[in-house]
Amino acid sequence: MNTQLRPEITAEVTDGVCRHHQMSCLTELRLGNVRRLDVLALGAKGELWAVEVKSSVADFKTDQKWESYVEYCDRLFFAVPMDFPKELIPKSAGLIVADRFEAAILRMPEEQKLSAARRKKLLISFGQTAAGRLGNTIGDNVFMP
């Protein structure tokens, strides 16, 4: 039985996701639709993946805002701990299992390519947010649709 608290599990799954592959990640992003995304990952070719971290079944069942992230990414994933019942995750979304050290993609979702204009705006916002966090000079209200 896992005795960790939900915030600890979320932090560990998020850490594993951010260590995975060759993608740069920003966490806890406030989007233009007022939602907060757990992880936005940027790949070498400019692909954007949204990752919604779920620490438990209760967390998954009480939070159904994930469909609002689709307009901000090419692929949408759920990231869950290793012991999460994977059959709960919608088939339209990707599935990542993770702990604090690593992550594995169990299911790759279909790509829903962003328009060129949307991608450009999001890539600029990604860079501005990352630079702002590095310099501790700006907030997270950069990501606009």
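Owing to the predicted nature of the structure, the values given are computational and were not obtained by experimental measurement. Counting begins at 1 with the first residue of the sequence.
Here Asp15 pairs with nothing under the side-chain hydrogen bond (donor to acceptor under 3.5 Å, both in side chains) rule; sequence neighbours left out.
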Distance-only donor-acceptor pairs under 3.5 Å for side chains of residues 94-109, two or more places apart:
residue: Asp99; atom: OD1; partner: Phe101; partner atom: N; Å: 2.9
residue: Asp99; atom: OD1; partner: Glu102; partner atom: N; Å: 3.0
residue: Arg107; atom: NE; partner: Ala93; partner atom: O; Å: 3.0
residue: Arg107; atom: NH2; partner: Pro90; partner atom: O; Å: 2.9
residue: Arg107; atom: NH2; partner: Ala93; partner atom: O; Å: 3.1

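Rounded to the nearest 0.5 Å, atoms CZ (Arg75) and NZ (Lys113) are 8.5 Å apart. Atom CG of residue Leu123 and atom NZ of residue Lys121 lie 13.0 Å apart, to the nearest 0.5 angstrom. Remark: Glu12 CD to Ser55 OG distance equals 11.0 Å, nearest 0.5 Å. Between atom CG of residue Leu40 and atom OH of residue Tyr69 there is a gap of 11.5 Å, rounded to the nearest 0.5 Å.
Considering only heavy atoms from C-beta on, Phe84 stays 4.5 Å or farther from Phe78 through its side chain. Two residues are said to be in side-chain contact when any heavy atoms from C-beta on lie closer than 4.5 Å; Tyr72 and Asn33 meet this criterion.
Exactly one residue among Leu122, Leu48, Leu26 makes a side chain to side chain contact (heavy atoms under 4.5 Å, CB included) with Leu42. That residue is Leu48.
When all heavy atoms of Phe60 and Ile89 are compared, the closest pair comes out as CE1-CD1, 4.1 Å. Of all the heavy atoms in Arg119 and Leu114, the pair that sits closest is NH2-N, 3.5 Å. Heavy atoms only, all atoms of each residue included: Trp66 and Ser92 are closest at CH2-OG, 4.1 Å. When every heavy atom of Pro81 is checked against every heavy atom of Ile9, the shortest pair comes out as CG-CG2, 3.7 Å. Taking each heavy atom of Lys54 and Glu52 in turn, the nearest pair found is NZ-OE2, 2.9 Å. Contact record, Cys18 with Thr27: SG-CG2, 3.7 Å, taken as the closest heavy-atom pair.
Sparse packing is recorded around NZ of Lys120, with 12 or fewer heavy atoms of other residues, nucleotides or ligands lying under 6.0 Å away. The environment of Glu110 atom CD is sparse: at most 12 non-hydrogen atoms of other residues, nucleotides or ligands sit within 6.0 angstrom.
A side-chain donor-acceptor contact under 3.5 Å links Arg118 to the backbone of Glu71.
Listed by first then second residue, pairs satisfying side-chain hydrogen bond (donor to acceptor under 3.5 Å, both in side chains) with a partner in residues 36-49 read Glu28-Arg36, Arg36-Asp38, not counting sequence neighbours.
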